[in-house]
There are 2 protein chains.
Amino acid sequence: MVTRTARTRVKRKPLSRRRILNAALRYIDEHGVEKLSMHKLGAALDVEAMSLYNHVANKSDVLDGVVGAIWEEIETAAAPGEDWRENYRDFARAIRDVLGRHPRAVPLIPSRPVMTDASLRAVKTQVTVAVESGVDTEEAYALLRTVTSYALGHAAIYTNWELACASCAPSVADLLHPDTPAELAEVADVFCGRSDPDAEFELGLGLMLRRVAPFQAR
Amino acid sequence: MVTRTARTRVKRKPLSRRRILNAALRYIDEHGVEKLSMHKLGAALDVEAMSLYNHVANKSDVLDGVVGAIWEEIETAAAPGEDWRENYRDFARAIRDVLGRHPRAVPLIPSRPVMTDASLRAVKTQVTVAVESGVDTEEAYALLRTVTSYALGHAAIYTNWELACASCAPSVADLLHPDTPAELAEVADVFCGRSDPDAEFELGLGLMLRRVAPFQAR
DNA sequence: ACCTGAACACCGTTCAAGT
DNA sequence: ACCTGAACACCGTTCAAGT
């Protein structure tokens, strides 16, 4: 046991909201949201649970902060260029990539309505370029919402499967209830077993962004 | 205080897995997933928490069961016809409608990989009709996954906003951090404030299902 | 100014005991 | 066969006390 007084300054960086949020995201990545507790988060930071309350309001605040951090990652991952359609595609890809890096944090997103500066900045950037390229403002927003929905939904479904497969299952069939009828087990196998997630994601994007002015298209 | 012995048989239906799951879904609809506890679920059924363990394995089992119940609702809401594209559309609409009826249960879906009989049957039904209409099997699956992703993502985003708006906010600005820059607050207002969710959902569907054979299309 | 011990009401879950 | 009391380890959160 090393006595702590001598090394106090070196041993432990002071707590901060940022550090807490980072630790929380890392903990969620490793163990899942449902396992996160203030006690364990404190332990991960080498601190008692109660100390956290000097830097965050409560657990809900921590969770909101984690979602905010994820949006910051998405914002930096999606650097916009000139072609607005390519931008929209990249934005969707950024969402998918970042959520793919934090699969266990995905369920957090539909559960807390956080609109942080980072997410709003990202939206603004995307829309601005589109509008400057001649797209109607309302359309630019509508299409961006549509693309975002798709990216989120895709990430939600696929990360989920991958998590499940990675964790326990040599084959998809093992994820089913044991008394699932054979012909339904087969459906499960095709539906979520063999598919190329990347190609399929691009399929949806291609379908959505094929035309410039979808509202007028028909 | 009515004495209970005399009425025991009438007063209380026996517990069952089904009854527990229904109560759980109702509780989640009213109070949100994070508020659900075995103790409170028991109380809602006029029973001690421990009694539940005679019918369900644990809390995780309850949550899985709730997701299963939601898929059953979706299955019955999506009755397929002859036109496979219209079917796909209706399937997406069914997902959106049912999730719209259970907004607080939405976060549950990306957090548990449940493939129940109901969800697999629904998939099978959809794909079968499409394949019979001449769509390639792989394409039928891929497109169904794409449409499902979109429907789920759309539901996740919009129900979330509506919940937030309904609960506290006369205007979108009240959902933001007080020190959000004005020009970002404006973005938030347009992005999630004024939009017609129904029309927009149909926009995405239209874009996705415009052609019969998207893989070959380009 | 920031961290902690003690404390509280509330969790999930088990098991032996009741009917 | 099904329900319950008592019990356990573990939650989130507060507050007064320490440095």
Side-chain angles (χ1 to χ4, degrees), chain A residues 1-25 27-28 30-67 104 107-108 111-112, chain B residues 1-25 27-28 30-67 104 107-108 111-112:
Chain A
M1 278 273 166
V2 175
T3 152
R4 199 192 276 165
T5 41
R7 304 195 148 209
T8 268
R9 214 147 92 258
V10 217
K11 267 198 99 165
R12 196 158 76 172
K13 279 188 291 186
L15 232 37
S16 73
R17 185 181 167 82
R18 184 87 259 165
R19 246 162 65 72
I20 292 174
L21 262 28
N22 287 344
L25 180 51
Y27 192 95
I28 290 171
E30 279 173 37
H31 305 100
V33 207
E34 66 288 346
K35 290 285 172 58
L36 181 71
S37 77
M38 297 301 269
H39 291 261
K40 301 216 208 82
L41 180 53
L45 287 160
D46 207 13
V47 145
E48 300 301 316
M50 307 76 89
S51 308
L52 303 173
Y53 289 86
N54 285 307
H55 305 270
V56 297
N58 48 34
K59 191 182 180 184
S60 171
D61 186 28
V62 172
L63 264 18
D64 284 346
V66 167
V67 175
R104 318 185 94 129
L108 230 41
S111 71
R112 14 206 82 240
Chain B
M1 278 276 164
V2 175
T3 154
R4 202 191 274 164
T5 42
R7 304 195 148 208
T8 270
R9 213 146 95 258
V10 220
K11 264 199 101 165
R12 199 156 76 171
K13 279 189 292 188
L15 233 37
S16 74
R17 187 181 165 80
R18 185 85 260 164
R19 248 163 62 74
I20 292 174
L21 263 27
N22 287 344
L25 180 51
Y27 192 95
I28 290 170
E30 278 173 36
H31 305 99
V33 208
E34 67 288 344
K35 289 286 173 58
L36 181 72
S37 78
M38 298 301 269
H39 291 261
K40 300 216 209 85
L41 180 53
L45 287 160
D46 207 13
V47 147
E48 299 301 315
M50 308 76 89
S51 308
L52 303 173
Y53 289 86
N54 285 306
H55 306 270
V56 296
N58 48 34
K59 191 182 180 183
S60 171
D61 185 29
V62 172
L63 264 17
D64 283 346
V66 167
V67 175
R104 318 185 94 131
L108 231 40
S111 71
R112 11 208 85 237

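Order of the sequence lines fixes the chain letters, A, B, ..., with proteins taken first and strands second; residue numbering starts at 1 for each chain.
Nucleotide dG5(C) holds its C1' atom 16 Å from the OH atom of Tyr53(A), rounded to whole Å. Rounded to a whole Å, the CG atom of Asp46(A) is 18 Å from the P atom of dC2(C). Straight-line distance from the CD atom of Glu48(B) to the C1' atom of dA17(C): 15 Å, rounded to whole Å. For the pair Met50(B) CE and dC8(D) P, the computed distance is 15 Å after rounding to whole Å.
Annotation for Lys40(A) and Tyr27(A): closest pair CD-OH, 3.0 Å, computed over non-hydrogen atoms. Minimum heavy-atom separation, Arg104(B) to Glu30(B): NH1-O, 3.3 Å. Taking each heavy atom of Val62(A) and Ala24(A) in turn, the nearest pair found is CG1-CB, 3.7 Å. Across all their heavy atoms, Ser51(A) and His55(A) have their closest contact at O-CD2, 3.7 Å. Nearest approach of Tyr53(B) to Asn58(B), heavy atoms of both residues: CE2-CA, 3.9 Å. Annotation for Leu52(B) and Gly42(B): closest pair CD1-N, 3.9 Å, computed over non-hydrogen atoms.
Consecutive Watson-Crick or G-U pairs involving DNA chain D, each under 3.5 Å on both distances, make up stems of three or more pairs at C:4-8 with D:12-16, C:12-16 with D:4-8.
The shortest side-chain heavy-atom distance between Ile28(A) and Leu108(A) falls under the 4.5 Å cut-off. At a threshold of 4.5 Å between non-hydrogen side-chain atoms, the residues Arg112(B) and Ser60(B) count as touching. With a 4.5 Å cut-off on side-chain heavy atoms, Leu36(B) and Val66(B) do not count as touching.
Within a heavy-atom distance below 4.0 Å of DNA chain C, the residues of residues 31-40 of chain B found are Leu36(B), Ser37(B), Met38(B), His39(B), Lys40(B). Within residues 54-65 of chain B, the residues that have a heavy atom under 4.0 Å from DNA chain D are, in order of number, Asn54(B), His55(B).
In terms of modelled atom types and a separation under 3.5 Å, the side chain of Lys59(B) and the main chain of Met38(B) share no donor-acceptor contact.
Between Ser51(B) and dC2(D) there is no side-chain N or O to OP1 or OP2 distance below 4.0 Å.
Rounding to the nearest 0.5 angstrom, the gap separating the CD1 atom in Ile20(B) from the CG atom in Leu15(B) is 4.0 Å.
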